[in-house]
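Protein chains get the first letters and strands the later ones, always in sequence-line order, with residue 1 at the start of each. Treat the numbers as computed from the prediction; the structure is a model and nothing was measured.
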Number of protein chains: 2
Amino acid sequence: MAESTSEAERDPGAREREATVPVPGAAAGGPISHAIFRLARLHRMFAGQLLRRIGLHPGQELVMMHLWELGPQRQIDLVRLLDSDAATMTRTVRRLEQAGFVRRRPSPTDKRASLIEPTAASYALRREVERIWIQLEDISATGFSDDERADALAVLERLEQNLVRADARPPEPDTGH
Amino acid sequence: MAESTSEAERDPGAREREATVPVPGAAAGGPISHAIFRLARLHRMFAGQLLRRIGLHPGQELVMMHLWELGPQRQIDLVRLLDSDAATMTRTVRRLEQAGFVRRRPSPTDKRASLIEPTAASYALRREVERIWIQLEDISATGFSDDERADALAVLERLEQNLVRADARPPEPDTGH
DNA sequence: AGCTGTTTACTGTCCAGACAAGTAAATTAC
DNA sequence: GTAATTTACTTGTCTGGACAGTAAACAGCT
């Protein structure tokens with residue numbers, strides 16, 4: 001069943017390597033899931049390349065955008081806004097703080113919490129970040145009409161909602177066995 | 001311009017927190033990009049929850065699926081198949097090796113390379129992994145007709161292709177200014 | 001009051017993924 | 001046959017992300 005074992009070395013690199021999916025069918029698994037996986041990695045990498053020029057990493061720009069938009073927030077608020085994780089937010093905020101983009105101020109009403117606020121220096125980045133997101137959007141949706149953009153967004157959100165719902169629902173005790 | 005500065009502490013937690021997008025418009029950035037970001041994280045988390053029961057982490061199952069499907073491969077082949085990164089593949093393969101799911105065998109024709117092959121033990125996972133991917137696919141595309149699945153896939157691949165093309169193209173010396 | 005349970009934040013420990021830099025083998029150029 | 005280049009792989013370092021566990025402050029309750 002593994003008769004193609006030695007093929008990999010007999011013919012290194014002379015394969016077709018068309019675009020991204022040289023595999024006919026079986027190893028592709030769920031095609032939609034696989035597409036989500038690849039799209040996400042590409043998208044993230046692309047965002048990373050754009051963001052690194054201004055000293056941010058993917059994910060950090062979302063925190064900053066919410067802070068610029070909404071003003072000082074507790075970490076837990078940012079976590080909920082971004083659907084993120086408390087541990088991740090602790091480290092992200094610390095790195096943003098070390099980079100000089102946010103400042104922590106103890107909450108006057110809750111000794112557990114601190115308020116995260118953007119620094120004056122950070123506002124110099126705001127236009128750049130917004131420009132990058134517009135660029136990302138334009139590149140992602142190159143060649144899409146307005147209708148197709150709306151359609152794409154609807155598809156993405158529908159997929160997301162399916163996962164949100166399934167996530168809320170516990171892993172289903174047993175399929176019946 | 002930051003008149004809503006003190007609002008966050010005056011009213012902690014009493015905000016609406018509807019579903020995932022409480023933000024009206026501005027902080028949402030590119031809606032499609034943002035949707036990709038959230039969908040990807042959710043999808044990954046979901047896959048992680050399913051995979052952890054069988055001792056795999058997201059990403060590893062893709063390596064295994066290709067190995068099961070195609071037989072022994074060099075790392076560079078896996079990198080290209082998955083559109084991945086050589087450094088990441090080195091570590092992923094090492095972890096899979098430590099977990100007992102793959103084995104390395106020096107390539108008989110190239111002293112730089114080794115061939116990665118699935119162990120007999122790994123085949124016990126194959127059905128489970130395939131079941132998980134079917135489950136992931138079903139959950140993601142719950143309520144989608146066949147046409148809608150095809151449409152969703154087309155949208156995802158079109159977005160991906162746009163990013164692939166833009167990535168190949170250098171960052172464009174200057175926008176003209 | 002005191003006790004209990006929740007909320008907020010943090011740390012440690014995993015993992016993938018990206019980038020940079022380096023090594024050794026193979027290939028190509030001369 | 002030697003030098004330069006390319007290829008395959010590795011390691012170091014940084015990041016986000018997820019899970020588990022901790023400590024402190026808070027809130028509700030008897």
Side-chain angles (χ1 to χ4, degrees), chain A residues 8-9 12-14 37-38 40-53 55-63 73-80 82-99 104-116 167, chain B residues 8-9 12-14 17 37-38 40-53 55-63 73-80 82-99 104 106-116 167:
Chain A
E9 62 217 75
F37 193 93
R38 283 191 321 244
R41 202 176 30 194
L42 245 180
H43 186 266
R44 184 184 192 80
M45 191 176 62
F46 208 95
Q49 288 177 0
L50 297 178
L51 286 169
R52 74 177 322 175
R53 305 176 198 169
L56 289 178
H57 293 266
Q60 297 183 345
E61 89 282 16
L62 293 175
V63 173
Q73 302 284 318
R74 300 174 303 162
Q75 285 188 199
I76 188 65
D77 295 323
L78 293 172
V79 166
R80 290 202 252 257
L82 302 180
D83 263 328
S84 182
D85 175 87
T88 300
M89 192 55 66
T90 291
R91 296 175 186 33
T92 296
V93 166
R94 185 174 58 222
R95 282 161 190 149
L96 285 172
E97 191 180 15
Q98 288 168 349
R104 305 174 106 110
R105 176 161 49 94
S107 165
T109 62
D110 188 336
K111 287 202 178 75
R112 297 168 300 179
S114 43
L115 292 175
I116 316 301
D167 200 30
Chain B
E9 61 215 79
R17 311 213 191 297
F37 192 91
R38 284 191 320 243
R41 203 177 30 195
L42 246 180
H43 186 267
R44 184 185 193 79
M45 190 177 63
F46 208 96
Q49 287 178 359
L50 296 177
L51 286 169
R52 73 176 323 176
R53 305 177 197 170
L56 288 178
H57 294 266
Q60 298 182 343
E61 88 283 14
L62 293 174
V63 173
Q73 302 285 317
R74 300 174 304 162
Q75 285 188 199
I76 188 66
D77 295 322
L78 292 172
V79 166
R80 290 203 251 258
L82 301 180
D83 264 328
S84 182
D85 175 87
T88 299
M89 191 55 67
T90 291
R91 299 186 228 282
T92 296
V93 166
R94 184 173 58 221
R95 282 163 191 145
L96 285 172
E97 192 180 15
Q98 288 168 349
R104 303 172 106 112
S107 165
T109 62
D110 189 336
K111 286 202 180 73
R112 297 169 301 177
S114 43
L115 291 176
I116 316 300
D167 200 30

- line: Testing C/dA25, D/dT10, D/dG16 for proximity to the side chain of B/Gln75, the answer is D/dT10
query: Rounded to whole angstroms, how far apart are CE on A/Met89 and P on D/dT15?
result: 15 Å
5' precedence on DNA chain C between A/Asp110 and A/Phe37 (nearest-nucleotide basis): A/Asp110
field: Where B/Arg104 and B/Ser114 come nearest, the two heavy atoms and their spacing
entry: NE-OG, 4.0 Å
Over all atoms of both residues, closest heavy-atom pair of A/Pro108 and A/Leu115: CD-CD1, 4.3 Å
- request: Take A/Lys111 and A/Ala87, find for each the nucleotide of DNA chain D with the closest heavy atom, and name the residue whose nucleotide sits nearer the 5' end.
  value: A/Ala87
task: Would you name the heavy atoms of A/Arg74 and A/Ala113 that are closest together and state the gap between them?
output: CD-CB, 4.0 Å
message: Please compare A/Arg104 and A/Leu42 by the position of their nearest nucleotide in DNA chain C and report the one closer to 5'.
response: A/Arg104
statement: In terms of heavy-atom contacts, B/Gln49 and B/Arg52 come closest through O-CG, 3.3 Å
query: Touch check for A/Phe46, heavy atoms < 4.0 angstrom, all strands: base, sugar-phosphate only, or nothing?
result: nothing
field: Options C/dA24, C/dA16, D/dG16, nucleotide nearest the side-chain atoms of B/Thr88
entry: C/dA16
- line: Of all heavy-atom pairs linking A/Gly48 and A/Pro58, the shortest is CA-CG, 3.6 Å
- prompt: Between B/Arg80 and D/dT7, is there a side-chain N or O to OP1/OP2 distance below 4.0 Å?
  reply: no
- prompt: Under 4.0 Å between a side-chain N or O of A/Gln49 and OP1 or OP2 of C/dA18?
  reply: no
message: Can you identify which nucleotide, out of C/dA18, C/dA26, C/dT11, has its nearest atom closest to the A/Arg91 side chain?
response: C/dT11
- request: Using only side-chain N and O atoms of B/Arg94, determine if any of them is under 4.0 Å from OP1 or OP2 of D/dT11.
  value: yes
task: Looking only at side-chain atoms of A/Ser84, point me to the closest of C/dT13, D/dG17, D/dT11.
output: D/dG17
- prompt: What's the CD1-C1' distance between B/Ile116 and D/dC9, to the nearest Å?
  reply: 10 Å
query: For the pair made of CZ in B/Arg52 and P in D/dA18, what is the distance, rounded to whole Å?
result: 12 Å
field: Given D/dA8, D/dC26, D/dC9, the nucleotide with the shortest approach to the side chain of B/Thr90
entry: D/dC9
task: May I have the distance from B/Leu51 (atom CG) to C/dA16 (atom P), rounded to whole angstrom?
output: 11 Å
query: Is there a side-chain polar atom (N or O) of A/Arg41 under 4.0 Å from OP1 or OP2 of C/dG17?
result: yes
query: What is the nucleic acid contact for A/Ala86, judged by heavy atoms within less than 4.0 Å: base, sugar-phosphate only, or nothing?
result: nothing
- request: Counting heavy atoms from C-beta on, name the nucleotide in C/dT8, D/dC9, D/dC19 closest to the side chain of B/Ile76.
  value: D/dC9
- request: Could you tell me whether the side chain of B/Gln98 and the main chain of B/Leu96 form a donor-acceptor pair under 3.5 Å?
  value: no
- request: For the side chain of B/Asp85, starting at C-beta, report the closest nucleotide among C/dC19, D/dG17, C/dA9.
  value: C/dC19
- line: A/Glu97 atom CD is separated from C/dC10 atom C1', nearest whole Å, by 13 Å
query: Taking atom C1' of D/dA18 as reference, at what distance in whole Å does atom CG of B/Leu50 sit?
result: 14 Å
task: Check whether any side-chain N or O of A/Gln60 sits under 4.0 Å from OP1 or OP2 of D/dT15, and answer yes or no.
output: no
Presence of A/Arg95 side-chain N/O under 4.0 Å of D/dG17 phosphate oxygens OP1/OP2: no
- prompt: For B/Arg74 and D/dA8, is the shortest distance between a side-chain N/O and OP1 or OP2 below 4.0 Å?
  reply: yes
- line: Note: B/Gln75 and B/Met89 closest approach over all heavy atoms is O-CG, 4.0 Å
message: Can you identify which nucleotide, out of D/dG17, C/dA16, D/dT15, has its nearest atom closest to the A/Arg44 side chain?
response: D/dG17
- prompt: For the pair made of CE in A/Met45 and P in C/dG17, what is the distance, rounded to whole Å?
  reply: 12 Å
- request: Rounded off to whole Å, could you give me the CG-to-P distance for the B/Asp83 and C/dA16 pair?
  value: 18 Å
